[in-house]
2 protein chains.
Amino acid sequence: MARKTGSRAEITGPLIRQAALSLFARHGYGAVSMRRIAAEVGVQAGALYLYTRDKQSLLFELMRVHMEELLAAWAAEPKGETAPARLAAFARFHIRFHLERPEAVFLAYMELRSLAPENFARIEALRQQYEGELAQILAAGQQAGQFRIADLRLTTMSIIAMLTGVNTWYREGGRLSRDEVGEIYADMVARLVAPESGDARVYAGEHIGDHIAEK
Amino acid sequence: MARKTGSRAEITGPLIRQAALSLFARHGYGAVSMRRIAAEVGVQAGALYLYTRDKQSLLFELMRVHMEELLAAWAAEPKGETAPARLAAFARFHIRFHLERPEAVFLAYMELRSLAPENFARIEALRQQYEGELAQILAAGQQAGQFRIADLRLTTMSIIAMLTGVNTWYREGGRLSRDEVGEIYADMVARLVAPESGDARVYAGEHIGDHIAEK
DNA sequence: GCTTGGCATGAACGCCCGTTCAGTTAATCA
DNA sequence: TGATTAACTGAACGGGCGTTCATGCCAAGC
């Protein structure tokens, strides 16, 4: 076989995925043509088919890789011992990870409708796996009496939504750094499940300060 | 002029907007053709141009009407006197209004990128007006010592995001009714800004129970 | 019952679509 | 140096795109 060192394919492949990601996120899957992606890379449309079976696979692979990177990164994240510590770690991690790749996040949330049914099911399964990670933290804290949670699923969805929502308004160079935003959200999430408010004063104990005082 | 009573236009116009709304929401603006909208209505593509200047205006009008209905509905909503009561009213209203028109909500959030710049600016202004309504409630409650808010803007965005997030998972006929979801979220939102948690015990006073006990 | 005009057709405009494939190029190995 | 082959081109396929417009239909008003 010829041409190994400095192979063009090792460059062109990632360039195509990057261009597709950016264009899909900015204009929508249905509004972006293969010719436009190719032009962005500096190549003819036909060349794209050396790297992807078709347009649908290109979209699916972008979303699959994103979700698997998300799960892998969370698995590798230091999480702490107690449920409050793990919840704060989740909030900080989620915001950091998502702010680092806004286009992939936008794509993964907005273009689910553009996936063929079996591809949709696979991405949906990965998303539920990630939500399960948060749900486990909440359930553990609830059982330990460290959290007060009216409804586990609704609380899980609320937290995911408010954390992911950061991507819709955060702008680099704005009033707050990413880490500052992460801290404030870790605090807000803690308050959302804090047991010591209102009539639940009975839960107040030594764990207070684990997740509040860091703000 | 001829043909006034039972005019076809009074039927076809709304049908076109409904078909466009549904198709745009399900497949994306860029992926839906004028011919497909026309087919849904049972008309030829050319007839659409008796009702809209072009495809872009069709999208913009759907989003503009949605946002203006949202603002008008909130303006007409009974809101209560105190900040905690107004916040709970906002949460219940937001969830009810948004669950009643999931396609319009999806469109208004997902297809901002498909708007021409001046149309985008107009929709964005309406959205900020709505966010301002929530921000005012939070600011008033903060000044009155009824809320503890680390960051007004981040709290506003968090609440909007978690409330709107309901649309991504709520399914009719599921475990909870719309009203039950509204109540649980009103409670979660209240806890997010509650002053009496952790080291802020000093704020605890007669207002406790205004917004917690209703759950 | 004839005229009027609101409502719609359907053909046409020039252009872009996703995908395939025979052919060209050029870097590498024998 | 010549053979090999990965990487890419460019044309072609059938079809769909947004929009315009000359034309026609038919219910309402006189």
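Interatomic distance, B:Ile184 CD1 to A:Leu154 CG, rounded to the nearest 0.5 Å: 5.0 Å.
Going from atom CD of B:Glu10 over to atom P of D:dA28 covers 12 Å, rounded to whole Å. For the pair B:Gln44 CD and C:dA12 C1', the computed distance is 14 Å after rounding to whole Å. Nucleotide D:dA6 holds its C1' atom 14 Å from the CD1 atom of A:Ile11, rounded to whole Å. Remark: P of D:dA7 and CD1 of A:Ile16 are 11 Å apart, rounded to the nearest angstrom. Atom CG of B:Leu50 is separated from atom P of D:dC21 by 13 Å (rounded to the nearest Å). Going from atom CG of B:Leu48 over to atom P of C:dG6 covers 19 Å, rounded to whole Å.
Residue pairs meeting the salt bridge (charged side-chain N to carboxylate O under 4.0 Å, His left out) criterion with at least one partner in residues 154-164 of chain A, sequence neighbours excluded, do not occur; the list is empty. Applying the salt bridge (charged side-chain N to carboxylate O under 4.0 Å, His left out) rule to pairs touching residues 23-52 of chain A yields nothing, sequence neighbours excluded.
Contact between the side-chain N/O atoms of B:Thr12 and the OP1/OP2 oxygens of C:dA8 is found at a separation under 4.0 Å.
Between B:Glu111 and A:Arg113 there is a salt bridge, since a side-chain N of the basic residue sits under 4.0 Å from a carboxylate O of the acidic one.
Stacking of A:Arg53 on the aromatic ring of A:Tyr49 is not recorded, the 6.0 Å distance cut-off and the 45° axial limit not both being met.
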Spell out protein contact along nucleotides 13-20 of chain C as letters: B when the base is contacted, S when just the sugar-phosphate is, - when no protein heavy atom is under 4.0 Å; keep the 5' to 3' order.
-> ----BBBB

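Taking the six-membered ring for Trp and the full ring otherwise, the centers of A:Phe90 and A:Tyr130 sit less than 6.0 Å from each other.
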